[in-house]
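Worksheet for the structure shown next.
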There are 2 protein chains.
Amino acid sequence: MSASTKLSTSVKALSYLAATHPTTHNSANIAEQIGVNASKLRRLMSMLTKNDIVKSTQGISGGFLLNKHPKDLHLQEIYCAIEDRKAFHLDVNKKSGKGKNINVTFNEYFLNLFSDIQVDIENKMKKINLLSIMKQTGIKSNYK
Amino acid sequence: MSASTKLSTSVKALSYLAATHPTTHNSANIAEQIGVNASKLRRLMSMLTKNDIVKSTQGISGGFLLNKHPKDLHLQEIYCAIEDRKAFHLDVNKKSGKGKNINVTFNEYFLNLFSDIQVDIENKMKKINLLSIMKQTGIKSNYK
DNA sequence: TTTATTTGTTACAGTAAGTGTAACAAATAC
DNA sequence: GTATTTGTTACACTTACTGTAACAAATAAA
C-alpha cells in the first residue's frame with residue numbers, strides 16, 4: 001500500500017466515523033463500507049489509535065470511535081500517523097564512482113531538495129482538515 | 001530506479017558533460033565517473049537524447065554531448081524526459097465497497113489533491129536550472 | 001570496404017517488495 | 001465464562017525492481 005493509498009483509505013474511514021459519530025464501528029463494518037480488507041484496515045486503524053486520532057475498544061460491541069473534532073484533524077497529522085518513513089520515497093544513488101566527492105555533494109544537494117519538497121507537501125496538508133474534505137465530498141459531519 | 005534516483009543520476013551525468021564541454025564522453029566513461037552501470041546509464045541517456053537535451057553519436061569516438069546551455073536547462077525538463085508516468089507514484093484505492101458513490105467522490109478528491117501536489121513540485125523544479133545546481137555543488141561549467 | 005567501437009534496446013535470471021488473506025493471542029463487554 | 005473484537009504476525013503469491021549481459025544498428029577511422 002503506497003503512502004497515498006494509505007492516506008486516502010484512512011480519510012475514507014475517518015470520515016465514515018465522523019459522519020456517524022458517536023456510533024462505534026468495528027473493522028469489518030468500516031472495511032465493507034470503503035471496500036478494503038478488514039485485516040488490512042485494522043493495521044491502519046491501529047496506527048491511528050496509537051496517535052490518538054481514533055479510540056478503540058476490544059471485545060463484544062467494541063470497535064473504533066473518532067477521537068478528534070473533524071475541524072481539528074488535518075491531513076498532515078493523519079499522514080504522519082500512518083507513514084513512518086519520511087518523504088514520498090525520494091532517494092538518490094548512494095554509490096559514487098571516480099568523482100567521489102562530487103557525487104557526495106550532489107547527493108546532499110538532492111536530498112536537501114527532496115526534503116524541501118517534502119516540507120512543501122506537508123505544509124499543504126496541514127492546511128486541509130477532515131471537515132473541509134467532508135464538505136467538498138458532500139458528506140455531512142455528525143458533529144455539531 | 002525510482003524517479004528521484006533517475007533525476008539525480010541524470011543531473012550528475014549532465015553536469016559532467018557541462019563541466020567538460022565540448023568533449024564527447026561515452027557511456028562507459030560517464031558511468032565510471034558517477035558510479036552507475038553503463039547499460040543502465042545508456043537507458044537514461046537515450047531518453048535525454050530523444051528530448052534533445054543531449055546529442056549522441058554512435059561508432060568510434062562517439063558518445064554524448066550536452067545540447068543545451070546549462071542555464072537554459074531546468075530540472076522539470078529533465079524530469080519529464082526520463083519519467084513518463086505522471087506524479088511521484090501517487091494513487092488511490094480504486095475499489096469501492098458499500099458506499100460506492102462516496103468512495104468514487106473521495107478518489108476524485110484525492111487524485112485532484114495529488115495532481116495539485118505534482119504541479120507544485122514541477123513548478124519548483126522549473127525554477128532550478130543546471131547551472132545553478134553546478135554552482136551550488138561547486139562544479140565549474142565549461143560554457144562561457 | 002572493412003573493422004572496431006559505441007549507442008540503443010531487449011532479455012533474463014535473481015532479488016526484493018508489495019498484496020491479500022488467514023490465524024491467533026490479548027483484551028473486554030456481556 | 002464465553003463470544004467477539006482489536007492488534008499483530010505469518011505466509012504464500014504475485015508483482016516489481018536490479019544488475020548484467022547480449023546484440024543489432026550505426027558510424028568513425030583505417
Residues in ring pair (Phe, Tyr, Trp, His ring centres under 6.0 Å) contact with Tyr143(A), at least two apart in sequence or another chain: His21(A), His69(A)
Interatomic distance where CG belongs to Asn37(B) and P belongs to dT18(D) [whole Å]: 13 Å
Of the listed nucleotides dT9(C), dG8(C), dT6(D), the one nearest the side chain of Arg43(B): dT9(C)
Heavy-atom side-chain contact between Asp120(B) and Asp120(A) under 4.5 Å: no
Straight-line distance of Leu113(A) CG to Ser4(B) OG, nearest 0.5 Å: 10.0 Å
Side-chain heavy atoms of Leu48(B) within contact of Ile82(B), under 4.5 Å: yes
Touch class at under 4.0 angstrom, heavy-atom based, for Asn26(A) against every strand present: sugar-phosphate
Between dT6(D) (P) and Leu17(A) (CG): distance, integer Å: 11 Å
OP1 or OP2 of dT7(C) under 4.0 Å from side-chain N/O of Thr57(B): no
Interface with DNA chain C, restricted to residues 58-66 of chain A and to heavy atoms under 4.0 Å: Gln58(A), Gly59(A), Ile60(A), Ser61(A)
For atom CG of Leu48(A) and atom P of dT8(D), their distance in whole Å: 13 Å
Presence of Ser56(B) side-chain N/O under 4.0 Å of dG8(C) phosphate oxygens OP1/OP2: yes
Mutual orientation of the aromatic rings belonging to Phe110(B) and Phe114(B) [parallel < 30°, tilted 30-60°, perpendicular > 60°]: tilted
Contact under 4.0 Å: Lys50(B) side-chain N or O vs dT7(C) OP1/OP2: no
Rounded distance in Å - CG (Leu44(B)) to C1' (dC17(D)): 15 Å
Flag side-chain contact, heavy atom, 4.5 Å: Ile133(A) against Phe106(B): yes
Atom-to-atom span, CG of Leu41(A) to P of dT21(C) - whole angstrom: 13 Å
Between dT5(C) (C1') and Asn29(B) (CG): distance, integer Å: 14 Å
Reported OG1-to-NZ distance for the pair Thr105(B) and Lys12(A), which is rounded to 0.5 angstrom: 10.0 Å
Sugar-phosphate only, base, or nothing, as touched by Ser39(B) at under 4.0 Å among non-hydrogen atoms: base
Touch class at under 4.0 angstrom, heavy-atom based, for Lys55(B) against every strand present: nothing
Contact check, side chains of Cys80(B) and Gln76(B), non-hydrogen atoms, under 4.5 Å: yes
Heavy-atom donor-acceptor pair, Arg42(A) side-chain to dT21(C) base, under 3.5 Å: no
Between the first and last five pairs of the helix from dT1(C)-dA30(D) to dA13(C)-dT18(D), the angle of the axes, rounded to 10 degrees: 10°
Thr20(B) vs Asn142(B) side-chain heavy atoms within contact, under 4.5 Å: no
Sub-4.5 Å side-chain heavy-atom contact between Leu66(A) and Val54(A): yes
Euclidean distance, atom NE2 of residue His25(A) to atom P of dT6(D) [Å, nearest integer]: 12 Å
